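Bear in mind that the values here come from a model prediction, so they are computed numbers and not experimental data. Here is how names work: the chains are called A, B, and so on, in the same order as the sequence lines, proteins then strands, and each is numbered from 1. Because only heavy atoms are used, hydrogens play no part in the values below, and waters and symmetry mates are left out as well, while side chains stay in.
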Amino acid sequence: METLGASDPRIDRPGSVAEALAVQERLRPLVDLAGSGPAEPATVAGLDVAYAESGDRLAAAVTVLDARTLAVVDSAVSVGRPAFGYVPGLFAFRELPALLDALDRLTVLPELLVCDGHGLAHPRRFGLACHLGVVTGLPAIGVGKTPLLGEWTPPAQRRGAWTPLCDGDETVGRVLRTRDGVKPVFVSVGHRMSLDDATARVLALTPRYRLPETTRTADRLCRDALAAAEATARAT
DNA sequence: GCGACAG
DNA sequence: ATCTTGTCGC
């Protein structure tokens with residue numbers, strides 16, 4: 001259950017901030033902004049990671065939901081170590097190896113990835129959702145709980161209301177109210193998905209709570225997996 | 001120069 | 001992210 005070492009041909013494992021920035025610059029042009037993904041995917045995956053307080057271990061989880069019923073139809077976890085320090089803007093390098101390993105363990109290939117973090121709403125327009133999308137080739141969207149950058153005004157209190165998230169002249173995402181009167185989330189395009197479709201998808205995934213069912217199920221799974229790994233480590 | 005800064 | 005108590009509400 002351990003994350004494989006530093007040998008995943010799909011990704012780079014930068015050893016410095018400068019190297020990580022170079023990787024983002026190189027991959028950024030590969031993001032598909034045409035929205036070539038299915039407007040109504042049959043399956044949607046949620047991805048999330050939990051960290052041990054010691055900071056030396058993490059658990060990544062992916063849950064695949066039936067897009068219509070929101071029932072979990074598959075899931076997988078991967079326990080490993082953070083692959084990079086936490087640096088705002090380089091966040092993806094920290095979780096990518098473990099998330100890809102978890103994706104590899106799935107039986108059902110999801111048609112859309114819903115990431116816990118941003119996509120284009122990123123200083124170099126290449127947040128975790130873009131990175132995961134490009135590396136896997138799957139449509140992806142980013143849903144952040146707090147903004148990384150951008151100017152915005154609060155959307156109306158009603159579920160479904162939204163305002164643009166802007167970085168200078170560019171609209172990099174949307175501030176979306178997923179529940180009446182509850183703090184909004186920050187939606188941005190990751191890969192092969194339009195902002196309109198991404199918004200519709202997030203609303204379809206939030207019939208009851210602020211956060212998408214995808215991230216909620218993945219969050220519970222990675223927390224449980226981490227707790228189990230910690231318990232095993234303690235007993236060994 | 002001084003903050004802000006996804007998880 | 002994680003650490004943390006109680007508290008308000010359905």
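Counting heavy-atom neighbours within 6.0 Å of R26(A) CZ, excluding the residue itself, gives a total above 12. The number of heavy-atom neighbours closer than 6.0 Å to CZ of R68(A), taken from other residues, nucleotides and ligands shown, is 12 or below. Counting non-hydrogen atoms of neighbouring residues, nucleotides and ligands closer than 6.0 angstrom, the CD atom of E40(A) reaches no more than 12 such neighbours.
Using cut-offs of 30° and 60° for the angle between ring planes, the F93(A) and H131(A) rings count as perpendicular.
Checked by atom type and distance alone, the side chain of R192(A) pairs as donor or acceptor with a backbone atom of G137(A) at under 3.5 Å.
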Open item on the list: Generate the contact string for nucleotides 3-10 of chain C. Rules: B means base contact, S means sugar-phosphate contact only, - means no protein heavy atom under 4.0 Å.
Closed with: S-------
Open item on the list: At under 4.0 Å between heavy atoms, how does the protein contact nucleotides 2-7 of chain B? Give one character per nucleotide, 5' to 3', with B, S or -.
Closed with: ---BBB
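Comment: R174(A) engages D196(A) in a salt bridge, judged by a side-chain N to carboxylate O separation of less than 4.0 angstrom. The existence of a salt bridge linking K145(A) and D116(A) is confirmed by a sub-4.0 Å separation between a basic side-chain nitrogen and an acidic carboxylate oxygen. Classification of D197(A) and R201(A) as a salt-bridged pair fails, no side-chain N sitting under 4.0 Å from a carboxylate O.
Among the heavy atoms of the strands, none lies under 4.0 Å from A52(A).
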